[in-house]
Amino acid sequence: MTLSAAVNLTQMTTSVVRTRIAPAPSGSIHVGNARAALYNWLFSRQNQGVFVLRIEDTDQKRADEAAYGAIVEDLEWLGLTWDEGPFLQSKRAEHYASAAERLVEMGSAYRCYCTPEELDTRRKAAMAAGRPPGYDGRCRYLSAEERAAFEAEGRTFALRFRVPENRTIAFDDVVRGPVVTDTAQISDFVIQRSDGGPTYMLAVTVDDLEMDITHVIRGEDLLASTPRQILIREALGVTDVPVFAHLPLLVSSDGRPLSKRWGDVSVRAYRDAGFLPEAMVNYLALLGWSFDDKTNIFSVEELVEKFSLERVGKNPAAFDVVKLEWLNGIYIKQLEPSDLAERLVPFCVRAGIDADSESGRRLLVAVAPLISERLKRLDEAPSMIRFLFGPVTLDEKASKTIQGQAEYLRAVADRLAALPGWTGPQIEAALRELAAERFLKPKQAFQPIRAAVTGTLISPPLFESLEILGKDTSIDRLMAAPQSVVV
RNA sequence: GGCCCCAUCGUCUAGCCAGGUCAGGACACCGCCCUUUCAAGGCGGCAGCACGGGUUCGAAUCCCGUUGGGGCCA
């Protein structure tokens, strides 16, 4: 049932779709916000609409330039480009003030002189008496004399919205269906603080209105605030409402709310761990939305084409890093060697590998095909390829493996030294021939070589690794390794 | 405390609205194959409709309740 008629509201009829994302500037963007941003972005792109970025920084304490910069960077990294903004709420104070003023003039808002302490006391008393804790309406019908008295006392005031009685607010949520709220459930709420600053409720309503937002796609935590925003719109003389779509909340893998105490909740943390933005986007899209019963991999283009709010689910989705890693591995495998190499550079540098040079990049491009199918995250690469960039120290297992193998390794070195060329296949042929002569199983024949050359028993494919390492270095390591572990 | 929301394998989910195919796919896990290590890949397996009523010839699907989880209000 559509109950919009009950409050005389109609859906907006603007032809151009306009969506927005409105994060608070508290550092790197939260994955929940990132998902909301993605859905808004996909929806606007799909409809050739406009995607607006707005920074909700009215809470001055948390607002700072660096934090807002982090949001911009994160969105850019994800590829979620916006068409308008960023608009800072902190620079739109006059808009909220004038809206508040209009509401007061029209009798939809009033001055409340209650102090926080008084409110707290009365709230506790109400709860103790089994009554609802919301505002009790003390200042709702103050006379001019009473107001003058309070002000003579030096009291400051906040502005409260006068919630109409006996009304039903209804709207159709694309995700949740009809949502009906009785105004008896809503107590008069503050729209302007005593310091003159707007509350979230006022700011978001004024902004969505003035920015002509047609589709509000946001987290379910804001579902309950929607009737109040509709009330403010209405009081401001607006008779239509945007389309609302409240997304299911994201929870952690144990089903608890996603919080900083649980683990990584910021996009930046995933970026630093070596996740690709394309994998992140694909994974986020699947958290709460599905296209059919079998498709998991979606390019951004496919998402733009296939995404639909109607297919967003209602139940909370658990953020599963393991599945994200699987997806990330798939995207890494699809990268061109040069692309992978370039993305690897910062991770190598961070791990102390001098890859940020022409020769370093050459090595990375060469080794990229060998490690791409072994990576789930970019930050796993340095340990796999370190042996290419400098001397190696044999780890415990590697040392043990070359124990008593000095003669064999010397033979290997000799055989390789005699090689006319230095390609993987040539190296492989020579080493297999030597193994056959000595009746060695592949594992017996190759693990000591791997140990001596890479310093570990786990490495990229041996022959290609030797090829990239180079003939001289390879032979040097084969000869030197036994000495390094003399017991 | 009040109002509201949600409920299919461990996880993401398809199926639900318009009841009737062994409840389908993916991640993870286990096994086998491939194999110079580690991966990747191939094949196979384990595993679910929260519970209780009701409606119906028939319920994952519709209704009610219970339980569990969550959100908001301050």
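Chain A is the first sequence line, chain B the second, and so forth, proteins listed ahead of strands; every chain is numbered from 1.
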Engineer: Between B:rG41 and B:rU35, how far apart are the two C1' atoms, rounded to whole Å?
Structural biologist: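 Each nucleotide's C1' atom is 11 Å from the other's.
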Engineer: A:Pro248 or A:Tyr135: which one's nearest nucleotide on RNA chain B is closer to the 5' end?
Structural biologist: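 Mapping each residue to its closest nucleotide by heavy atoms, the 5'-most match is A:Pro248.
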Engineer: Provide the Watson-Crick or G-U wobble partner of B:rA50, both distances under 3.5 Å; none if there is no partner.
Structural biologist: B:rU66
Engineer: Between A:Phe463 (CZ) and B:rU36 (P), how many Å, whole number?
Structural biologist: 8 Å
Engineer: Which nucleotide in the set B:rG2, B:rU37, B:rC72 lies at the smallest distance from any side-chain heavy atom of A:Gln447?
Structural biologist: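 Minimum distance to the A:Gln447 side chain belongs to B:rU37.
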Engineer: Reading nucleotides 24-29 of chain B from the 5' end, what letters show protein touch, with B for base, S for backbone sugar-phosphate only, - for no heavy atom under 4.0 Å?
Structural biologist: BBBSS-
Engineer: In this structure, how many angstroms lie between the P atom of B:rU37 and the CG atom of A:Leu431, rounded?
Structural biologist: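 Checked: the CG to P distance equals 15 Å.
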Engineer: Would you mind telling me which residue lines up with the more 5' stretch of RNA chain B, A:Arg311 or A:Arg374, judged by nearest nucleotide?
Structural biologist: A:Arg311
Engineer: With C1' as the reference atom in both, quote the distance from B:rA14 to B:rC49 in angstrom, rounded to an integer.
Structural biologist: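 Nearest-Å result for B:rA14 against B:rC49 at atom C1': 13 Å.
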Engineer: Taking only the C1' atom of each, what is the distance from B:rG65 to B:rG58 in whole angstrom?
Structural biologist: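 Per the computed distance, 23 Å lies between those C1' atoms.
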Engineer: Could you check which nucleotide pairs with B:rC17 in any of the strands shown, counting Watson-Crick or G-U wobble with both distances under 3.5 Å?
Structural biologist: none
Engineer: Taking atom P in both B:rA60 and B:rC22, compute the distance separating them and give it to the nearest angstrom.
Structural biologist: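 My reading of the P atoms in B:rA60 and B:rC22 gives 13 Å.
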Engineer: Where is the tightest heavy-atom contact between A:Leu394 and A:Ala451, given as atom of each residue plus distance?
Structural biologist: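 Scanning both residues, the minimum pair turns out to be CD2-O, 3.6 Å.
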Engineer: Both distances below 3.5 Å, Watson-Crick or wobble geometry, any strand: find the nucleotide opposite B:rU61.
Structural biologist: none
Engineer: Using a heavy-atom cut-off of under 4.0 Å over every strand shown, decide if A:Leu249 touches base, sugar-phosphate, or nothing.
Structural biologist: sugar-phosphate
Engineer: Between A:Ala34 and A:Leu80, which heavy-atom pair has the shortest distance, and what is it?
Structural biologist: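 For A:Ala34 versus A:Leu80, the nearest heavy atoms are O-CD1, 4.2 Å.
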Engineer: Is A:Arg138 salt-bridged to A:Glu118, going by a charged N under 4.0 Å from an acidic O?
Structural biologist: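 Answer for the salt bridge query: no.
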Engineer: Taking any strand in view, what nucleotide pairs with B:rG1 in a Watson-Crick or G-U wobble way, both distances under 3.5 Å?
Structural biologist: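 Pair assignment: B:rG1 / B:rC73.
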Engineer: For B:rC29, what is the paired nucleotide under Watson-Crick or G-U wobble rules, both distances under 3.5 Å?
Structural biologist: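 In the structure as shown, B:rC29 has B:rG45 as its Watson-Crick or wobble partner.
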Engineer: Do you know which two heavy atoms are closest between A:Ile402 and A:Ala452, and how far apart they sit?
Structural biologist: CG2-N, 4.2 Å
Engineer: Would you mind reading off the distance between A:Asn315 atom CG and B:rC4 atom P, rounded to a whole angstrom?
Structural biologist: 20 Å
Engineer: Under a 3.5 Å limit for both distances, which nucleotide forms a Watson-Crick or G-U wobble pair with B:rC38, could you say?
Structural biologist: none
Engineer: With C1' as the reference atom in both, quote the distance from B:rC27 to B:rG19 in angstrom, rounded to an integer.
Structural biologist: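 Per the computed distance, 31 Å lies between those C1' atoms.
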Engineer: Is the A:Tyr283 to A:Tyr270 ring centre distance short of 6.0 Å?
Structural biologist: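 So the answer is no for these two rings.
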Engineer: Please work out if A:Arg228 contacts a base, only the sugar-phosphate, or nothing of the nucleic acid, heavy-atom cut-off 4.0 Å.
Structural biologist: sugar-phosphate
Engineer: Whole-Å distance between B:rU13 P and A:Leu286 CG?
Structural biologist: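 For the pair A:Leu286 CG and B:rU13 P, the rounded distance is 8 Å.
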Engineer: Output the rounded distance in Å from CG (A:Asp182) to P (B:rC73).
Structural biologist: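 Taking CG of A:Asp182 and P of B:rC73, I get 18 Å after rounding.
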Engineer: With a non-hydrogen cut-off below 4.0 angstrom, is A:Ser290 in contact with a base, only sugar-phosphate, or nothing?
Structural biologist: sugar-phosphate
Engineer: Let's see if you can work this out: which of B:rG41, B:rU37, B:rG2 has an atom nearest to the side-chain heavy atoms of A:Lys333?
Structural biologist: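 Nearest to the side-chain atoms of A:Lys333, counting from C-beta on, is B:rG41.
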Engineer: Rounded to whole angstroms, how far apart are CZ on A:Arg450 and P on B:rC38?
Structural biologist: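 Distance, rounded to whole Å: 9 Å.
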Engineer: Heavy atoms under 4.0 Å, any strand shown: does A:Gly288 hit a base, just sugar-phosphate, or nothing?
Structural biologist: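 Sugar-phosphate, no base atom in range.
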Engineer: Counting only Watson-Crick or G-U wobble pairs whose two distances fall under 3.5 Å, which nucleotide matches B:rA23?
Structural biologist: none
Engineer: Would you call A:Glu56 and A:Arg218 a salt bridge, using N to O less than 4.0 angstrom?
Structural biologist: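 Salt bridge: no.
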Engineer: Tell me what A:Leu462 touches on the nucleic acid: a base, only sugar-phosphate, or nothing, going by heavy atoms under 4.0 Å.
Structural biologist: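 A:Leu462: base contact, heavy atoms under 4.0 Å.
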Engineer: Could you check whether A:Arg432 gets within reach of a base, just the sugar-phosphate, or nothing at all, counting any heavy atom under 4.0 Å?
Structural biologist: base
Engineer: Using the ring pair (Phe, Tyr, Trp, His ring centres under 6.0 Å) rule, collect all pairs that involve residues 433-460 of chain A, keeping only residues at least two apart or in two chains.
Structural biologist: A:Phe446-A:Phe463
Engineer: Kindly point out which of B:rC72, B:rU37, B:rU13 is positioned nearest to the side chain of A:Ala317?
Structural biologist: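 Between B:rC72, B:rU37, B:rU13, the one nearest the side chain of A:Ala317 would be B:rU13.
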Engineer: Donor-acceptor pair, A:Arg377 side chain versus A:Gly274 backbone, under 3.5 Å?
Structural biologist: no
Engineer: B:rG2 and B:rA59: how far apart are their C1' atoms, nearest whole angstrom?
Structural biologist: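 Roughly 34 Å separates the two C1' atoms.
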Engineer: Between B:rA26 and B:rA18, how many Å separate the two C1' atoms, rounded to a whole number?
Structural biologist: 28 Å
Engineer: B:rC73 P sits how many Å from A:Leu231 CG, rounded?
Structural biologist: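 Atom-to-atom, A:Leu231 to B:rC73, this comes out as 15 Å.
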Engineer: Salt bridge between A:Asp208 and A:Arg54, side-chain N to carboxylate O under 4.0 Å?
Structural biologist: yes
Engineer: Would you mind reading off the distance between A:Lys314 atom NZ and B:rA14 atom C1', rounded to a whole angstrom?
Structural biologist: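 Computing the A:Lys314:NZ to B:rA14:C1' distance gives 15 Å.
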Engineer: Determine the Euclidean distance between corresponding C1' atoms of B:rG69 and B:rU11; express it in Å to zero decimal places.
Structural biologist: 16 Å
Engineer: Tell me, please, which residues at least two apart from A:Tyr408 pass ring-ring contact (aromatic ring centres under 6.0 Å, His included).
Structural biologist: none
